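Here is how names work: the chains are called A, B, and so on, in the same order as the sequence lines, proteins then strands, and each is numbered from 1. Source: prediction; values computed, not measured.
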Number of protein chains: 2
Amino acid sequence: MSLELSVDRSSPVPLYFQLSQQLEAAIEHGSLTPGSLLGNEIELAARLGLSRPTVRQAIQSLVDKGLLVRRRGVGTQVVHSQVKRPLELSSLYDDLEAAGQRPATKVLVNTVVPATAEVAAALGVAEDSDVHRVERLRLAHGEPMAHLCNFIPPGLLDLDTAQLESTGLYRMMRAVGITLHSARQTIGARGATAAEADRLGEQEGAPLLTMQRVTFDDTGRAVEYGTHTYRPSRYSFEFQLLVRS
Amino acid sequence: MSLELSVDRSSPVPLYFQLSQQLEAAIEHGSLTPGSLLGNEIELAARLGLSRPTVRQAIQSLVDKGLLVRRRGVGTQVVHSQVKRPLELSSLYDDLEAAGQRPATKVLVNTVVPATAEVAAALGVAEDSDVHRVERLRLAHGEPMAHLCNFIPPGLLDLDTAQLESTGLYRMMRAVGITLHSARQTIGARGATAAEADRLGEQEGAPLLTMQRVTFDDTGRAVEYGTHTYRPSRYSFEFQLLVRS
DNA sequence: TCAATGCATATGTCCGGACAATCGAACTAC
DNA sequence: GTAGTTCGATTGTCCGGACATATGCATTGA
(Lines give C-alpha, C1' and ligand atoms only; values in the text may rest on other atoms or scores of the structure.)
Protein backbone atom coordinates (compact mmCIF):
# COMPACT_ATOMS: atom_id res chain seq x y z
CA MET A 1 0.00 0.00 0.00
CA SER A 2 2.84 2.40 0.77
CA LEU A 3 3.69 3.38 -2.76
CA GLU A 4 7.33 3.77 -3.60
CA LEU A 5 8.26 7.41 -3.71
CA SER A 6 11.75 8.70 -4.07
CA VAL A 7 13.52 11.82 -5.12
CA ASP A 8 16.84 12.37 -6.80
CA ARG A 9 18.65 15.24 -5.19
CA SER A 10 21.32 15.32 -7.87
CA SER A 11 18.75 15.96 -10.57
CA PRO A 12 18.19 19.52 -11.71
CA VAL A 13 14.45 18.85 -11.62
CA PRO A 14 13.00 20.54 -8.55
CA LEU A 15 12.23 18.16 -5.72
CA TYR A 16 8.64 19.28 -5.36
CA PHE A 17 8.14 18.68 -9.06
CA GLN A 18 9.61 15.20 -8.92
CA LEU A 19 7.26 14.38 -6.10
CA SER A 20 4.18 15.86 -7.74
CA GLN A 21 4.90 13.94 -10.93
CA GLN A 22 5.20 10.68 -9.05
CA LEU A 23 1.99 11.34 -7.19
CA GLU A 24 0.20 12.26 -10.39
CA ALA A 25 1.47 9.11 -12.05
CA ALA A 26 0.29 7.06 -9.09
CA ILE A 27 -3.16 8.58 -9.33
CA GLU A 28 -3.29 8.09 -13.08
CA HIS A 29 -2.06 4.55 -12.77
CA GLY A 30 -4.48 3.69 -10.02
CA SER A 31 -2.01 3.04 -7.23
CA LEU A 32 -3.67 5.88 -5.40
CA THR A 33 -7.34 5.05 -5.55
CA PRO A 34 -9.97 7.79 -5.55
CA GLY A 35 -11.09 8.78 -2.10
CA SER A 36 -8.03 7.37 -0.40
CA LEU A 37 -6.11 9.50 2.04
CA LEU A 38 -2.63 10.56 1.12
CA GLY A 39 -1.15 10.32 4.60
CA ASN A 40 -0.11 13.34 6.54
CA GLU A 41 2.41 15.77 5.20
CA ILE A 42 4.79 15.60 8.14
CA GLU A 43 5.21 11.87 7.93
CA LEU A 44 5.48 11.96 4.15
CA ALA A 45 8.17 14.59 4.37
CA ALA A 46 10.11 12.53 6.89
CA ARG A 47 9.85 9.42 4.77
CA LEU A 48 11.27 11.19 1.74
CA GLY A 49 13.84 13.20 3.60
CA LEU A 50 12.20 16.42 2.49
CA SER A 51 10.93 19.39 4.38
CA ARG A 52 7.25 19.97 4.85
CA PRO A 53 7.09 23.09 2.66
CA THR A 54 8.51 21.11 -0.23
CA VAL A 55 5.97 18.36 0.19
CA ARG A 56 3.22 20.93 0.53
CA GLN A 57 4.30 22.58 -2.70
CA ALA A 58 4.08 19.27 -4.52
CA ILE A 59 0.65 18.52 -3.09
CA GLN A 60 -0.59 22.04 -3.74
CA SER A 61 0.26 21.80 -7.42
CA LEU A 62 -1.93 18.72 -7.70
CA VAL A 63 -4.70 20.42 -5.74
CA ASP A 64 -4.52 23.24 -8.28
CA LYS A 65 -4.84 20.70 -11.03
CA GLY A 66 -7.95 19.34 -9.37
CA LEU A 67 -6.54 15.91 -8.61
CA LEU A 68 -6.44 16.25 -4.83
CA VAL A 69 -8.57 17.87 -2.17
CA ARG A 70 -7.20 19.00 1.16
CA ARG A 71 -9.30 19.17 4.29
CA ARG A 72 -8.01 20.60 7.46
CA GLY A 73 -8.22 18.14 10.29
CA VAL A 74 -8.91 15.28 7.91
CA GLY A 75 -6.16 14.92 5.37
CA THR A 76 -5.57 15.03 1.66
CA GLN A 77 -7.78 12.89 -0.53
CA VAL A 78 -7.64 11.80 -4.11
CA VAL A 79 -10.62 13.24 -5.93
CA HIS A 80 -12.58 10.48 -7.55
CA SER A 81 -14.04 12.09 -10.57
CA GLN A 82 -13.16 11.35 -14.15
CA VAL A 83 -10.88 14.32 -14.45
CA LYS A 84 -9.39 14.16 -17.88
CA ARG A 85 -7.57 17.38 -18.45
CA PRO A 86 -8.52 20.84 -17.39
CA LEU A 87 -9.21 23.32 -20.10
CA GLU A 88 -6.05 24.46 -21.72
CA LEU A 89 -5.31 26.90 -24.42
CA SER A 90 -5.76 24.24 -26.98
CA SER A 91 -4.80 24.12 -30.56
CA LEU A 92 -7.17 22.42 -32.92
CA TYR A 93 -4.21 20.79 -34.59
CA ASP A 94 -2.97 19.30 -31.34
CA ASP A 95 -6.48 18.27 -30.37
CA LEU A 96 -6.94 16.35 -33.53
CA GLU A 97 -3.54 14.78 -33.41
CA ALA A 98 -4.12 13.68 -29.81
CA ALA A 99 -7.36 12.08 -30.95
CA GLY A 100 -5.41 10.18 -33.57
CA GLN A 101 -7.13 11.90 -36.44
CA ARG A 102 -4.11 12.81 -38.55
CA PRO A 103 -5.08 16.41 -39.27
CA ALA A 104 -4.35 17.94 -42.64
CA THR A 105 -4.29 21.60 -43.48
CA LYS A 106 -4.93 23.39 -46.72
CA VAL A 107 -3.83 26.99 -46.88
CA LEU A 108 -6.38 29.02 -48.82
CA VAL A 109 -4.98 32.48 -48.27
CA ASN A 110 -1.62 33.69 -46.96
CA THR A 111 -1.17 37.37 -47.53
CA VAL A 112 -0.77 40.78 -45.96
CA VAL A 113 -3.77 43.06 -45.68
CA PRO A 114 -4.59 46.36 -44.00
CA ALA A 115 -6.23 45.81 -40.62
CA THR A 116 -9.95 46.42 -40.43
CA ALA A 117 -11.32 48.18 -37.39
CA GLU A 118 -12.29 44.85 -35.84
CA VAL A 119 -8.88 43.29 -36.38
CA ALA A 120 -7.04 46.41 -35.28
CA ALA A 121 -9.02 46.53 -32.04
CA ALA A 122 -8.40 42.87 -31.32
CA LEU A 123 -4.68 42.96 -31.99
CA GLY A 124 -4.08 46.42 -30.57
CA VAL A 125 -2.54 47.78 -33.76
CA ALA A 126 -3.38 50.84 -35.81
CA GLU A 127 -6.27 50.62 -38.21
CA ASP A 128 -5.20 50.03 -41.83
CA SER A 129 -1.72 48.97 -40.70
CA ASP A 130 -0.38 45.80 -42.25
CA VAL A 131 -1.27 42.45 -40.72
CA HIS A 132 -0.89 38.91 -41.97
CA ARG A 133 -4.04 37.15 -42.99
CA VAL A 134 -4.07 33.39 -43.12
CA GLU A 135 -7.05 31.32 -44.14
CA ARG A 136 -6.88 27.60 -43.73
CA LEU A 137 -9.11 24.60 -44.11
CA ARG A 138 -8.56 21.89 -41.56
CA LEU A 139 -9.37 18.36 -42.61
CA ALA A 140 -9.50 15.03 -40.87
CA HIS A 141 -9.78 11.80 -42.82
CA GLY A 142 -10.03 13.90 -45.93
CA GLU A 143 -13.23 15.58 -44.72
CA PRO A 144 -13.29 19.30 -44.00
CA MET A 145 -13.76 19.99 -40.31
CA ALA A 146 -13.16 23.65 -39.82
CA HIS A 147 -12.37 26.89 -41.56
CA LEU A 148 -9.75 28.97 -39.78
CA CYS A 149 -9.19 32.64 -40.51
CA ASN A 150 -6.35 34.20 -38.57
CA PHE A 151 -4.75 37.63 -38.35
CA ILE A 152 -1.21 37.97 -37.05
CA PRO A 153 0.72 41.17 -36.34
CA PRO A 154 3.71 41.72 -38.64
CA GLY A 155 7.24 40.77 -37.67
CA LEU A 156 6.32 38.05 -35.23
CA LEU A 157 6.52 35.03 -37.39
CA ASP A 158 7.73 33.77 -40.70
CA LEU A 159 4.46 32.50 -42.14
CA ASP A 160 5.72 29.89 -44.51
CA THR A 161 2.85 28.24 -46.35
CA ALA A 162 4.49 24.83 -46.40
CA GLN A 163 5.06 25.00 -42.68
CA LEU A 164 1.49 26.10 -42.09
CA GLU A 165 0.29 23.02 -43.92
CA SER A 166 2.47 20.62 -41.96
CA THR A 167 1.89 21.86 -38.46
CA GLY A 168 -0.26 24.20 -36.35
CA LEU A 169 -0.01 27.92 -35.84
CA TYR A 170 0.58 27.63 -32.10
CA ARG A 171 3.47 25.26 -32.62
CA MET A 172 5.07 27.67 -35.03
CA MET A 173 4.75 30.42 -32.45
CA ARG A 174 6.25 28.37 -29.68
CA ALA A 175 9.07 27.38 -32.00
CA VAL A 176 10.16 31.00 -32.39
CA GLY A 177 10.12 31.64 -28.66
CA ILE A 178 6.67 33.11 -28.18
CA THR A 179 5.19 31.89 -24.91
CA LEU A 180 1.44 31.88 -25.01
CA HIS A 181 -0.14 33.20 -21.87
CA SER A 182 -3.87 33.74 -22.18
CA ALA A 183 -6.68 34.01 -24.65
CA ARG A 184 -10.11 35.53 -24.82
CA GLN A 185 -12.61 33.30 -26.55
CA THR A 186 -16.18 33.55 -27.69
CA ILE A 187 -18.08 30.48 -28.80
CA GLY A 188 -21.34 30.79 -30.61
CA ALA A 189 -23.40 29.36 -33.44
CA ARG A 190 -25.07 30.56 -36.60
CA GLY A 191 -26.28 29.41 -39.97
CA ALA A 192 -23.77 28.91 -42.77
CA THR A 193 -23.55 31.45 -45.55
CA ALA A 194 -23.40 30.14 -49.09
CA ALA A 195 -19.63 30.59 -49.25
CA GLU A 196 -19.08 28.90 -45.90
CA ALA A 197 -21.35 26.03 -46.80
CA ASP A 198 -19.41 25.50 -49.99
CA ARG A 199 -16.05 25.49 -48.23
CA LEU A 200 -17.11 23.04 -45.55
CA GLY A 201 -19.32 20.79 -47.61
CA GLU A 202 -22.49 21.74 -45.80
CA GLN A 203 -25.72 23.25 -47.04
CA GLU A 204 -26.55 26.92 -46.84
CA GLY A 205 -28.16 27.74 -43.51
CA ALA A 206 -26.76 24.62 -41.83
CA PRO A 207 -25.76 25.23 -38.20
CA LEU A 208 -22.10 26.08 -37.69
CA LEU A 209 -20.13 26.36 -34.50
CA THR A 210 -18.12 29.58 -34.37
CA MET A 211 -15.18 30.57 -32.27
CA GLN A 212 -13.34 33.84 -32.07
CA ARG A 213 -10.14 34.12 -30.15
CA VAL A 214 -7.52 36.68 -29.31
CA THR A 215 -4.35 35.17 -27.92
CA PHE A 216 -1.82 37.01 -25.78
CA ASP A 217 1.76 36.17 -24.96
CA ASP A 218 3.31 36.64 -21.55
CA THR A 219 4.07 40.28 -22.14
CA GLY A 220 0.39 40.94 -22.73
CA ARG A 221 0.90 41.51 -26.44
CA ALA A 222 -1.80 40.17 -28.74
CA VAL A 223 -0.18 37.64 -31.05
CA GLU A 224 -3.15 36.29 -32.96
CA TYR A 225 -6.78 36.97 -33.70
CA GLY A 226 -8.82 34.22 -35.23
CA THR A 227 -12.32 33.65 -36.49
CA HIS A 228 -13.06 29.98 -36.89
CA THR A 229 -16.08 28.01 -38.02
CA TYR A 230 -16.53 24.33 -37.26
CA ARG A 231 -18.85 21.70 -38.59
CA PRO A 232 -20.78 20.73 -35.48
CA SER A 233 -21.28 17.22 -36.75
CA ARG A 234 -17.50 16.77 -36.74
CA TYR A 235 -16.34 18.85 -33.84
CA SER A 236 -17.45 20.14 -30.47
CA PHE A 237 -15.62 21.87 -27.65
CA GLU A 238 -15.06 19.55 -24.75
CA PHE A 239 -13.26 20.51 -21.60
CA GLN A 240 -13.00 20.32 -17.87
CA LEU A 241 -13.47 23.33 -15.64
CA LEU A 242 -12.19 23.86 -12.14
CA VAL A 243 -13.73 26.17 -9.63
CA ARG A 244 -11.34 28.83 -8.51
CA SER A 245 -11.22 28.75 -4.78
CA MET B 1 4.31 56.02 -6.85
CA SER B 2 4.93 53.78 -3.85
CA LEU B 3 1.38 52.66 -3.31
CA GLU B 4 0.17 52.41 0.24
CA LEU B 5 0.15 48.82 1.34
CA SER B 6 -0.54 47.71 4.84
CA VAL B 7 -1.62 44.61 6.66
CA ASP B 8 -3.64 44.14 9.80
CA ARG B 9 -2.11 41.47 11.95
CA SER B 10 -5.07 41.39 14.30
CA SER B 11 -7.41 40.47 11.48
CA PRO B 12 -8.32 36.81 11.04
CA VAL B 13 -7.82 37.27 7.30
CA PRO B 14 -4.51 35.68 6.30
CA LEU B 15 -1.75 38.18 5.72
CA TYR B 16 -0.92 36.89 2.27
CA PHE B 17 -4.57 37.26 1.32
CA GLN B 18 -4.77 40.80 2.58
CA LEU B 19 -1.74 41.65 0.50
CA SER B 20 -2.94 39.92 -2.63
CA GLN B 21 -6.29 41.69 -2.41
CA GLN B 22 -4.63 45.06 -2.08
CA LEU B 23 -2.38 44.35 -5.02
CA GLU B 24 -5.28 43.16 -7.10
CA ALA B 25 -7.25 46.27 -6.23
CA ALA B 26 -4.27 48.43 -7.16
CA ILE B 27 -4.05 46.72 -10.53
CA GLU B 28 -7.76 46.99 -11.12
CA HIS B 29 -7.77 50.59 -10.06
CA GLY B 30 -4.81 51.48 -12.20
CA SER B 31 -2.36 52.42 -9.48
CA LEU B 32 -0.21 49.60 -10.76
CA THR B 33 0.02 50.23 -14.46
CA PRO B 34 0.46 47.36 -16.91
CA GLY B 35 4.06 46.53 -17.59
CA SER B 36 5.32 48.17 -14.44
CA LEU B 37 7.63 46.29 -12.14
CA LEU B 38 6.37 45.37 -8.72
CA GLY B 39 9.64 45.88 -6.87
CA ASN B 40 11.59 43.06 -5.44
CA GLU B 41 10.09 40.68 -2.94
CA ILE B 42 12.71 41.15 -0.25
CA GLU B 43 12.27 44.88 -0.07
CA LEU B 44 8.50 44.59 -0.25
CA ALA B 45 8.54 42.12 2.62
CA ALA B 46 10.71 44.42 4.69
CA ARG B 47 8.48 47.38 4.01
CA LEU B 48 5.40 45.53 5.18
CA GLY B 49 7.04 43.76 8.07
CA LEU B 50 6.30 40.40 6.50
CA SER B 51 8.49 37.48 5.62
CA ARG B 52 9.41 36.74 2.06
CA PRO B 53 7.41 33.48 1.83
CA THR B 54 4.28 35.37 2.82
CA VAL B 55 4.85 38.00 0.17
CA ARG B 56 5.62 35.32 -2.36
CA GLN B 57 2.39 33.53 -1.56
CA ALA B 58 0.45 36.71 -2.18
CA ILE B 59 2.21 37.36 -5.47
CA GLN B 60 1.88 33.77 -6.56
CA SER B 61 -1.87 33.83 -6.15
CA LEU B 62 -2.04 36.76 -8.54
CA VAL B 63 0.29 35.03 -10.97
CA ASP B 64 -2.10 32.09 -10.91
CA LYS B 65 -4.92 34.46 -11.68
CA GLY B 66 -2.96 35.72 -14.66
CA LEU B 67 -2.56 39.28 -13.39
CA LEU B 68 1.19 39.15 -12.86
CA VAL B 69 4.15 37.57 -14.58
CA ARG B 70 7.35 36.72 -12.77
CA ARG B 71 10.71 36.62 -14.52
CA ARG B 72 13.79 35.41 -12.83
CA GLY B 73 16.48 38.01 -12.79
CA VAL B 74 14.05 40.71 -13.90
CA GLY B 75 11.20 41.04 -11.49
CA THR B 76 7.46 40.77 -11.31
CA GLN B 77 5.45 42.68 -13.89
CA VAL B 78 1.81 43.57 -14.22
CA VAL B 79 0.45 41.87 -17.29
CA HIS B 80 -1.05 44.40 -19.63
CA SER B 81 -3.75 42.53 -21.37
CA GLN B 82 -7.44 43.06 -20.96
CA VAL B 83 -7.85 40.20 -18.55
CA LYS B 84 -11.41 40.30 -17.43
CA ARG B 85 -12.08 37.12 -15.58
CA PRO B 86 -10.69 33.70 -16.20
CA LEU B 87 -13.15 31.02 -17.07
CA GLU B 88 -15.09 29.97 -14.05
CA LEU B 89 -17.71 27.39 -13.47
CA SER B 90 -20.35 29.85 -14.38
CA SER B 91 -24.00 29.80 -13.81
CA LEU B 92 -26.17 31.18 -16.56
CA TYR B 93 -28.29 32.87 -13.93
CA ASP B 94 -25.30 34.64 -12.41
CA ASP B 95 -23.97 35.52 -15.85
CA LEU B 96 -27.16 37.21 -16.81
CA GLU B 97 -27.55 38.98 -13.51
CA ALA B 98 -23.99 40.27 -13.75
CA ALA B 99 -24.83 41.61 -17.18
CA GLY B 100 -27.78 43.44 -15.69
CA GLN B 101 -30.31 41.41 -17.62
CA ARG B 102 -32.71 40.54 -14.78
CA PRO B 103 -33.09 36.85 -15.62
CA ALA B 104 -36.42 35.15 -15.18
CA THR B 105 -37.04 31.44 -14.98
CA LYS B 106 -40.08 29.41 -15.85
CA VAL B 107 -40.14 25.88 -14.55
CA LEU B 108 -41.63 23.58 -17.16
CA VAL B 109 -41.05 20.24 -15.49
CA ASN B 110 -40.10 19.32 -11.92
CA THR B 111 -40.49 15.66 -11.29
CA VAL B 112 -38.76 12.40 -10.47
CA VAL B 113 -37.99 9.97 -13.26
CA PRO B 114 -36.02 6.75 -13.67
CA ALA B 115 -32.52 7.42 -14.94
CA THR B 116 -31.87 6.62 -18.56
CA ALA B 117 -28.57 4.98 -19.45
CA GLU B 118 -27.13 8.34 -20.47
CA VAL B 119 -28.17 10.06 -17.25
CA ALA B 120 -27.10 7.15 -15.08
CA ALA B 121 -23.65 7.13 -16.66
CA ALA B 122 -23.23 10.85 -16.23
CA LEU B 123 -24.33 10.93 -12.60
CA GLY B 124 -22.80 7.63 -11.61
CA VAL B 125 -26.06 6.15 -10.35
CA ALA B 126 -27.79 2.91 -11.23
CA GLU B 127 -29.84 2.81 -14.39
CA ASP B 128 -33.58 3.20 -13.77
CA SER B 129 -32.94 4.54 -10.27
CA ASP B 130 -34.84 7.67 -9.32
CA VAL B 131 -33.40 11.06 -10.26
CA HIS B 132 -34.91 14.52 -10.27
CA ARG B 133 -35.64 16.02 -13.63
CA VAL B 134 -36.00 19.76 -13.92
CA GLU B 135 -36.77 21.56 -17.13
CA ARG B 136 -36.61 25.31 -17.18
CA LEU B 137 -36.90 28.14 -19.63
CA ARG B 138 -34.58 31.04 -18.96
CA LEU B 139 -35.76 34.45 -20.13
CA ALA B 140 -34.21 37.87 -20.28
CA HIS B 141 -36.32 40.93 -20.99
CA GLY B 142 -39.24 38.60 -21.47
CA GLU B 143 -37.55 36.83 -24.38
CA PRO B 144 -36.60 33.17 -24.11
CA MET B 145 -32.85 32.71 -24.09
CA ALA B 146 -32.23 29.13 -23.21
CA HIS B 147 -33.85 25.84 -22.41
CA LEU B 148 -32.28 24.04 -19.47
CA CYS B 149 -32.85 20.38 -18.75
CA ASN B 150 -31.18 19.10 -15.61
CA PHE B 151 -30.94 15.82 -13.76
CA ILE B 152 -30.05 15.79 -10.09
CA PRO B 153 -29.38 12.77 -7.86
CA PRO B 154 -31.99 12.24 -5.13
CA GLY B 155 -31.51 13.44 -1.57
CA LEU B 156 -29.16 16.27 -2.40
CA LEU B 157 -31.49 19.14 -2.65
CA ASP B 158 -35.00 20.26 -1.91
CA LEU B 159 -36.10 21.21 -5.41
CA ASP B 160 -38.77 23.73 -4.61
CA THR B 161 -40.33 25.08 -7.79
CA ALA B 162 -40.81 28.56 -6.39
CA GLN B 163 -37.17 28.69 -5.38
CA LEU B 164 -36.08 27.41 -8.79
CA GLU B 165 -37.94 30.28 -10.39
CA SER B 166 -36.43 32.93 -8.16
CA THR B 167 -32.80 31.89 -8.25
CA GLY B 168 -30.32 29.60 -9.98
CA LEU B 169 -29.61 25.94 -9.43
CA TYR B 170 -25.99 26.52 -8.43
CA ARG B 171 -27.00 29.02 -5.80
CA MET B 172 -29.43 26.55 -4.31
CA MET B 173 -26.67 23.97 -4.15
CA ARG B 174 -24.23 26.30 -2.49
CA ALA B 175 -26.92 27.30 -0.02
CA VAL B 176 -27.22 23.73 1.26
CA GLY B 177 -23.49 23.35 1.70
CA ILE B 178 -22.53 21.71 -1.56
CA THR B 179 -19.17 23.05 -2.72
CA LEU B 180 -18.83 22.83 -6.47
CA HIS B 181 -15.45 21.63 -7.59
CA SER B 182 -15.27 20.86 -11.28
CA ALA B 183 -17.37 20.23 -14.34
CA ARG B 184 -17.02 18.51 -17.65
CA GLN B 185 -18.55 20.44 -20.48
CA THR B 186 -19.26 19.92 -24.12
CA ILE B 187 -20.32 22.78 -26.33
CA GLY B 188 -21.72 22.15 -29.78
CA ALA B 189 -24.35 23.27 -32.22
CA ARG B 190 -27.20 21.74 -34.17
CA GLY B 191 -30.46 22.60 -35.84
CA ALA B 192 -33.55 23.06 -33.70
CA THR B 193 -36.20 20.34 -33.63
CA ALA B 194 -39.80 21.43 -33.97
CA ALA B 195 -40.37 21.20 -30.22
CA GLU B 196 -37.23 23.15 -29.40
CA ALA B 197 -38.03 25.80 -31.96
CA ASP B 198 -41.45 26.24 -30.45
CA ARG B 199 -40.10 26.56 -26.91
CA LEU B 200 -37.46 29.12 -27.81
CA GLY B 201 -39.37 31.08 -30.37
CA GLU B 202 -37.17 30.06 -33.27
CA GLN B 203 -37.89 28.27 -36.50
CA GLU B 204 -37.37 24.60 -37.04
CA GLY B 205 -33.83 23.90 -38.21
CA ALA B 206 -32.53 27.20 -36.84
CA PRO B 207 -29.02 26.91 -35.40
CA LEU B 208 -28.90 26.32 -31.66
CA LEU B 209 -25.95 26.38 -29.31
CA THR B 210 -25.88 23.31 -27.11
CA MET B 211 -24.09 22.64 -23.87
CA GLN B 212 -23.91 19.49 -21.81
CA ARG B 213 -22.38 19.55 -18.40
CA VAL B 214 -21.70 17.20 -15.53
CA THR B 215 -20.82 19.00 -12.32
CA PHE B 216 -18.89 17.46 -9.44
CA ASP B 217 -18.57 18.57 -5.83
CA ASP B 218 -15.35 18.44 -3.89
CA THR B 219 -15.80 14.80 -2.97
CA GLY B 220 -15.89 13.90 -6.64
CA ARG B 221 -19.59 13.10 -6.51
CA ALA B 222 -21.63 14.11 -9.56
CA VAL B 223 -24.26 16.57 -8.39
CA GLU B 224 -25.86 17.60 -11.64
CA TYR B 225 -26.13 16.67 -15.27
CA GLY B 226 -27.57 19.18 -17.66
CA THR B 227 -28.43 19.45 -21.32
CA HIS B 228 -28.94 23.03 -22.35
CA THR B 229 -29.82 24.74 -25.59
CA TYR B 230 -29.25 28.43 -26.20
CA ARG B 231 -30.44 30.82 -28.82
CA PRO B 232 -27.20 31.88 -30.47
CA SER B 233 -28.61 35.28 -31.32
CA ARG B 234 -29.07 35.94 -27.61
CA TYR B 235 -26.20 34.13 -25.98
CA SER B 236 -22.66 33.00 -26.60
CA PHE B 237 -19.97 31.58 -24.36
CA GLU B 238 -17.32 34.12 -23.63
CA PHE B 239 -14.35 33.48 -21.41
CA GLN B 240 -10.70 33.96 -20.73
CA LEU B 241 -8.25 31.09 -20.72
CA LEU B 242 -4.91 30.89 -19.00
CA VAL B 243 -2.10 28.65 -20.05
CA ARG B 244 -1.16 26.27 -17.31
CA SER B 245 2.56 26.49 -16.85
C1' DT C 1 33.24 47.61 -33.50
C1' DC C 2 31.73 43.57 -31.63
C1' DA C 3 31.86 39.60 -28.79
C1' DA C 4 33.01 37.43 -24.35
C1' DT C 5 33.25 38.03 -19.45
C1' DG C 6 31.90 39.35 -14.93
C1' DC C 7 28.74 41.24 -11.67
C1' DA C 8 24.61 42.92 -9.44
C1' DT C 9 19.85 41.77 -9.09
C1' DA C 10 15.86 39.26 -8.85
C1' DT C 11 13.26 35.19 -8.57
C1' DG C 12 13.41 29.84 -7.80
C1' DT C 13 14.09 26.26 -4.56
C1' DC C 14 14.58 24.38 -0.05
C1' DC C 15 15.09 24.03 4.88
C1' DG C 16 13.38 23.60 9.90
C1' DG C 17 10.54 25.26 13.02
C1' DA C 18 6.36 27.46 15.41
C1' DC C 19 1.60 28.22 16.46
C1' DA C 20 -3.38 28.52 14.96
C1' DA C 21 -7.67 26.66 13.08
C1' DT C 22 -10.52 22.99 12.03
C1' DC C 23 -12.38 18.32 11.83
C1' DG C 24 -13.72 13.93 13.68
C1' DA C 25 -14.11 10.83 17.21
C1' DA C 26 -14.00 9.38 21.76
C1' DC C 27 -15.49 10.55 26.08
C1' DT C 28 -18.34 12.50 29.69
C1' DA C 29 -22.30 14.38 31.88
C1' DC C 30 -27.10 14.90 32.08
C1' DG D 1 -29.75 7.72 25.10
C1' DT D 2 -28.42 12.11 23.81
C1' DA D 3 -26.06 16.28 23.87
C1' DG D 4 -22.05 18.72 24.96
C1' DT D 5 -16.98 18.62 25.74
C1' DT D 6 -12.39 17.42 25.28
C1' DC D 7 -8.61 15.90 22.66
C1' DG D 8 -5.72 14.09 19.01
C1' DA D 9 -4.77 14.54 14.23
C1' DT D 10 -4.02 17.26 10.19
C1' DT D 11 -3.74 21.07 7.40
C1' DG D 12 -3.28 26.45 7.32
C1' DT D 13 -0.36 30.24 8.12
C1' DC D 14 3.95 32.44 9.02
C1' DC D 15 8.77 33.11 10.06
C1' DG D 16 13.94 33.75 8.93
C1' DG D 17 17.40 32.07 6.58
C1' DA D 18 20.36 29.76 2.83
C1' DC D 19 21.95 28.77 -1.69
C1' DA D 20 20.96 28.13 -6.81
C1' DT D 21 20.01 30.13 -11.24
C1' DA D 22 18.58 33.11 -14.85
C1' DT D 23 18.63 37.92 -16.63
C1' DG D 24 20.42 42.40 -18.04
C1' DC D 25 24.02 45.51 -18.06
C1' DA D 26 28.55 47.21 -17.70
C1' DT D 27 33.10 46.08 -18.44
C1' DT D 28 36.79 44.08 -20.82
C1' DG D 29 39.13 42.02 -24.55
C1' DA D 30 40.17 40.91 -29.45
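- Atom-to-atom, CG of L44(B) to C1' of dA10(C) comes out at 13 Å; the value is rounded to the nearest Å.
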Go along nucleotides 10-19 of chain D 5' to 3' and tag each nucleotide: B for a protein heavy atom under 4.0 Å from its base, S when only backbone or sugar atoms are that close, - otherwise. BBBBSBB-B-
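- For the atom pair CG of N150(B) and CZ of R213(B), the computed distance is 8.5 Å after rounding to the nearest 0.5 Å.
- Between F239(B) and F239(A), the ring planes are tilted. Angles from 30° to 60° get that label.
- Residues satisfying the ring-ring contact (aromatic ring centres under 6.0 Å, His included) criterion with Y16(B), sequence neighbours excluded, are absent altogether.
- Not counting sequence neighbours, T186(B) has no partner by the side chain to side chain donor-acceptor pair (under 3.5 Å) test.
- Evaluated for a side chain to side chain donor-acceptor pair (under 3.5 Å) with T105(A), the options E165(A), R138(A), R136(A) yield exactly one hit, R138(A).
- Whole-Å rounding puts the L37(B) CG to dT9(C) P distance at 14 Å.
- Distance E43(B) CD to dA8(C) C1': 16 Å, rounded to the nearest Å.
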